[in-house]
Amino acid sequence: MLNNAIAVECSQIEKNFGSGGDAARVLRGINLTVPTGEMTFLVGPSGCGKTTLLSVIAGLLNPTAGELAVLGVPLHTLKPSRAVEFRRQNLGFVFQQFNLLPSLTAAENAAVPLLAAHWPRKKAVEKARELLDGLGLAERANAYPNQLSGGQQQRVAFARALIHEPRLIVCDEPTSALDQNTGHHVMELLRAIAVRPNRAVLVVTHDNRIFDFADRIAHMNDGLITDIETN
Amino acid sequence: MHFVAWQMLTGDRAKYLGLIFAIAFSTFLMSHQVSIFCGLMSRTASQIDDVRDASIWVMDAKTLYLDEVKALTDQDLYRIRGISGVEWAVPLFKGASRAKGPDGHFRAVILMGHDDSTLTGIPRRIVHGDITRLREPESIAIDQVGYEFFFPGQPYQLNRSLDLNDRTVRIVAIVDSNAPFVNLPVVYTRYTQALNFVGRERNQMSFVLAKAIPGLPEGELTGRIADRTGLKALTSSQFGWETIWYYMEHTGIPINFGITVIIALIVGTVVAGQTFYLFTIENLKQFGALKAIGVSDLRIVGMILMQALIVGAIGYGLGISMTAIFFETTQSNLDLRGFRLLPIVMQGTAATVFLIVFLASAFSVRRVIVLEPAVVFRG
Ligand SMILES: Nc1ncnc2c1ncn2[C@@H]1O[C@H](COP(=O)(O)OP(=O)(O)OP(=O)(O)O)[C@@H](O)[C@H]1O
Ligand SMILES: [Mg+2]
C-alpha cells in the first residue's frame with residue numbers, strides 16, 4: 001500500500017457553537033489532509049480549536065459547514081446509527097484522561113471494542129492480553145485501572161484503541177497527564193505499535209517535548225490551519 | 001456488553017449493595033404493610049367468612065355492617081321461611097358477654113347463638129371436642145384464642161368451666177375461627193342458650209341465615225327477600241365487602257396504612273430511584289466513552305435497563321422474602337393468625353417496584369442519550 005493514501009480530508013470545515021450573533025466560531029474553514037502510514041500532530045495554543053477539530057474528524061461533532069471524508073466516507077452525512085458503526089469499526093480513541101472503565105480489568109478494558117463488536121468475552125479478553133503483552137503490561141493484565149500508574153493506564157488505552165485494528169487512531173493530549181519520561185516512553189510505544197502503512201494516527205497536543213515523534217505537524221491557530229511541516 | 005454492564009453495576013460494591021438494600025427495604029415495607037392492612041380489613045368480615053353453611057344474610061334494612069345490628073323479630077323469620085326459593089332460614093344471635101376464668105381473669109367475649117336444631121354457622125374447623133354436644137345444657141364452644149386466654153399454656157381439655165354472665169358453662173368443643181377484628185375470644189352456643197345467657201329480651205335475633213334452593217341464584221333470592229320483607233338481604237360476600245368498606249370509610253386504618261405505604265413508596269422511589277439515577281450520572285463519562293468508541297444508544301439503553309432489572313429483581317426478591325419469612329414465623333402466633341402475604345400483594349409490590357426502577361432508569365437513559373459523546377475529550 002502507498003505510504004501516502006489519504007485517511008482524512010477536510011475542506012473548509014467550520015464549526016460554530018451556539019447560533020446567531022452569539023455564536024462562537026471555533027473552526028473557521030479548516031483544510032487538512034491526514035495521510036496513512038504516518039503520525040500527524042495537530043498543535044496550537046490552548047483554545048484554538050484542536051479538540052473541536054478532532055471531534056469533528058472522529059464523527060463525534062457535526063461540522064457547521066464544509067466537507068469531510070474519513071477513509072473515503074463523508075462521515076458527517078451518515079445517519080447517527082451508521083456513524084456509530086463506522087466509529088466502532090474504523091476508529092480508535094485515546095483520551096487525555098484515559099477514560100478506562102474503573103470496574104473492568106486492564107485486559108477487559110482493552111477488549112471493550114471487540115465486546116462492542118459482539119465478540120465472545122473469552123476470545124476478546126484473550127486477544128487483549130496478547131496486545132497488552134506487546135505493550136509490556138503482561139503482568140498487569142488483571143489489574144484494575146486504579147491499581148495502575150498513569151503511563152500504564154495510557155498503555156491500556158492504546159491497546160483499547162488498537163485491538164480492533166482500526167484505520168484511524170485519534171489521540172487527544174495523550175501525554176499531558178503524564179510526566180516527561182513516561183510521556184516519551186508511551187509515545188515511543190505508540191509510534192512503534194500504531195503506525196502502519198494503511199493506518200493514520202492523528203495526535204492533538206501542545207506538548208512540544210514530543211513533537212519529535214511526528215511525521216507531520218499541522219499548526220493551528222484561532223480556528224485555522226496556519227502551517228504544515230513535515231519531519 | 002452485558003458483561004460490561006454487570007461489572008459497572010457491581011464494581012462499586014457499596015453503591016451496589018446500597019441500591020439493593022433500598023429496594024429490598026421499600027419492598028419489605030410496602031408488602032408487609034399492605035399485607036397487614038389486607039389482613040386487618042378481612043378480619044372485619046371474618047365472622048361472616050366463618051359461616052360456611054349458609055350463603056344469605058338477612059338483617060334490618062338500616063344495618064351498615066356486621067358489628068352493629070338492630071334485632072329482627074320471630075315474625076321476620078317466619079316471613080322469610082315463607083318465601084319461595086328459600087330452602088331454609090335460621091336465626092343467628094350475635095352479641096357480647098363477659099366471661100370469667102377459674103382464676104378470676106375476665107374478658108369481654110363475642111357471644112354467638114346458633115339455631116338449636118341445626119347449629120348452622122358454627123366454624124367447621126374443630127380443634128378439639130364435638131360441637132354436637134352443644135345440645136347439652138349450659139355448654140359452649142370456644143375459639144382457640146379464648147381457650148389460650150383463660151387457660152394459658154394448658155393442653156386442650158374439655159368440660160372445663162367458665163363463668164358467663166354469672167352462669168357456669170362447660171366447654172365442649174374448641175374451634176379454630178378466623179380472628180375477629182377486635183380479636184376478642186368468641187363463644188359459640190345454641191341460640192336459645194345464648195338468649196338465656198344475656199337475659200332474654202323480646203327481640204334478640206341479630207340475623208337470619210338462609211339458603212337458596214338448588215339452582216336458584218343467590219342474587220335473585222336476596223332481591224326477592226328484600227322485596228317481600230323490606231329487610232336487607234345480602235350474599236355472604238356482599239355482606240363481607242359492605243362490612244370491610246364500612247371499616248375502611250369509618251376508621252383511620254386505611255389512612256394510617258396508606259401513609260406507611262406511601263412512605264415506603266417515597267423511600268423506594270427517592271432512595272432507590274435516586275441512587276440508581278445518581279449511579280448512572282456518575283458513570284456518565286464511562287457511557288460517553290462507550291458511545292465514542294462505537295456502542296450504539298440502543299445497546300446503552302439495554303445496559304442500563306439490564307442494570308435496573310438486576311437491582312430491581314434482587315432487591316425485590318430480598319424484600320419479599322423478608323415479608324414472607326415474617327409471616328411464616330408469626331403464623332403460629334394466634335394473635336397474628338390470618339395475616340399472610342397474599343399473591344396479589346406480591347404482584348402489586350412487584351409491579352410498583354419495577355415501575356420505580358423503570359422510571360429511574362428512564363431518567364437515566366434520557367441523560368445518557370442526550371449526552372454528546374464529544375464530552376469524552378473534555379477534561
Ligand atoms: N460544546 C462547546 N460549546 C461552546 N463552546 C465550546 C464548546 N466546545 C468548545 N468550545 C469552545 O471552543 C474553543 C475551542 O475549544 P477546543 O477544546 O477545541 O480547544 P483546544 O484547542 O482543544 O484547547 P486546549 O488545548 O485547551 O485543549 C474554546 O474557546 C471553547 O471554549
Ligand atoms: Mg483540547
Side-chain angles (χ1 to χ4, degrees), chain A residues 15 50-56 58-62 80-105 108-109 111-118 120-122 124-125 144-146 157 160-161 163-164 166 170-173 176-177 204, chain B residues 1-20 275-276 278-308 310-311 364-366 368-379:
Chain A
K15 177 68 187 175
K50 304 182 296 292
T51 297
T52 305
L53 178 56
L54 194 69
S55 302
V56 169
L60 301 179
L61 278 182
N62 277 331
S81 61
R82 294 293 317 282
V84 168
E85 200 182 322
F86 183 89
R87 285 205 299 274
R88 197 184 75 212
Q89 289 170 348
N90 299 300
L91 263 67
F93 288 88
V94 175
F95 311 104
Q96 178 178 358
Q97 299 298 336
F98 323 132
N99 283 341
L100 299 175
L101 305 193
S103 46
L104 300 186
T105 64
E108 289 161 355
N109 262 294
V112 162
L114 298 183
L115 297 176
H118 302 277
R121 173 154 63 98
K122 252 185 109 173
V125 173
Y144 289 90
N146 63 5
R160 179 174 67 183
I163 194 164
H164 51 305
V170 294
C171 313
D172 193 21
E173 311 273 8
S176 70
V204 162
Chain B
M1 283 290 118
H2 293 331
F3 167 74
V4 176
W6 168 256
Q7 291 298 105
M8 278 172 86
L9 178 66
T10 56
D12 189 336
R13 206 86 340 192
K15 238 175 271 158
Y16 173 63
L17 294 179
L19 254 176
I20 288 196
T275 314
F276 186 76
L278 287 179
F279 169 78
T280 314
I281 299 309
E282 280 167 22
N283 291 337
L284 220 47
K285 189 107 193 199
Q286 301 185 38
F287 284 119
L290 291 176
K291 280 177 87 159
I293 286 170
V295 180
S296 67
D297 283 352
L298 200 65
R299 290 180 76 189
I300 286 181
V301 170
M303 289 171 73
I304 293 176
L305 283 183
M306 179 186 138
Q307 293 172 337
I310 289 173
V311 289
S364 308
V365 161
R366 232 198 93 238
V368 176
I369 297 286
V370 301
L371 176 71
E372 278 271 8
V375 297
V376 290
F377 284 135
R378 312 259 156 232

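Only heavy atoms go into these numbers, but all of them, side chains included; no hydrogens, no water, no symmetry mates. Numbers restart at 1 for each chain; the letters A, B, ... are given by sequence-line order, proteins then strands.
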Chain B contact via A:Gln89 - which portion, at a heavy-atom distance below 4.5 Å: neither
Non-hydrogen side-chain atoms of B:Ser296 and A:Arg88 separated by less than 4.5 Å: no
Minimal non-hydrogen separation, A:Ser103 against B:Gly11, with atom names: CB-CA, 3.6 Å
Interchain contact, A:Leu101 with chain B, by part (heavy-atom threshold 4.5 Å): both
Which atom of B:Ala292 lies closest to which atom of A:Phe93, heavy atoms considered: O-CE1, 3.1 Å
Heavy-atom contact with chain A under 4.5 Å, split by part of B:Leu9: neither
Region of A:Val94 in contact with chain B, defined by heavy-atom distances below 4.5 Å: backbone
B:Ile281 atom CD1: more than 12 heavy-atom contacts under 6.0 Å: yes
Minimum-distance pair of heavy atoms, taken over all atoms of A:Arg87 and B:Pro373: NH2-CG, 4.4 Å
Shortest non-hydrogen contact from B:Glu372 toward A:Leu60: OE1-O, 3.6 Å
Atom group of A:Leu104 that falls short of 4.5 Å from chain B, counting heavy atoms: side chain
Closest non-hydrogen atom pair, A:Ala116 against B:Val295: CB-CG2, 3.8 Å
From CA spacing to verdict: side chain to side chain contact (heavy atoms under 4.5 Å, CB included), A:Val112, B:Met1: CA-CA 8 Å; A:Val112 162; B:Met1 283 290 118; 4.2 Å; yes
Worked check of side chain to side chain contact (heavy atoms under 4.5 Å, CB included) between B:Phe377 and A:Val204: CA-CA 11 Å; B:Phe377 284 135; A:Val204 162; over 6 Å; no
Among the listed options B:Lys291, B:His2, B:Arg299, the residue most often paired with chain A at heavy-atom distances under 4.5 Å: B:Arg299
Sub-4.5 Å side-chain heavy-atom contact between A:Asn99 and B:Lys285: yes
A:Ser81 portion near chain B, given a 4.5 angstrom heavy-atom threshold: neither
Closest non-hydrogen atom pair, B:Ile293 against A:Pro113: CG2-CG, 4.2 Å
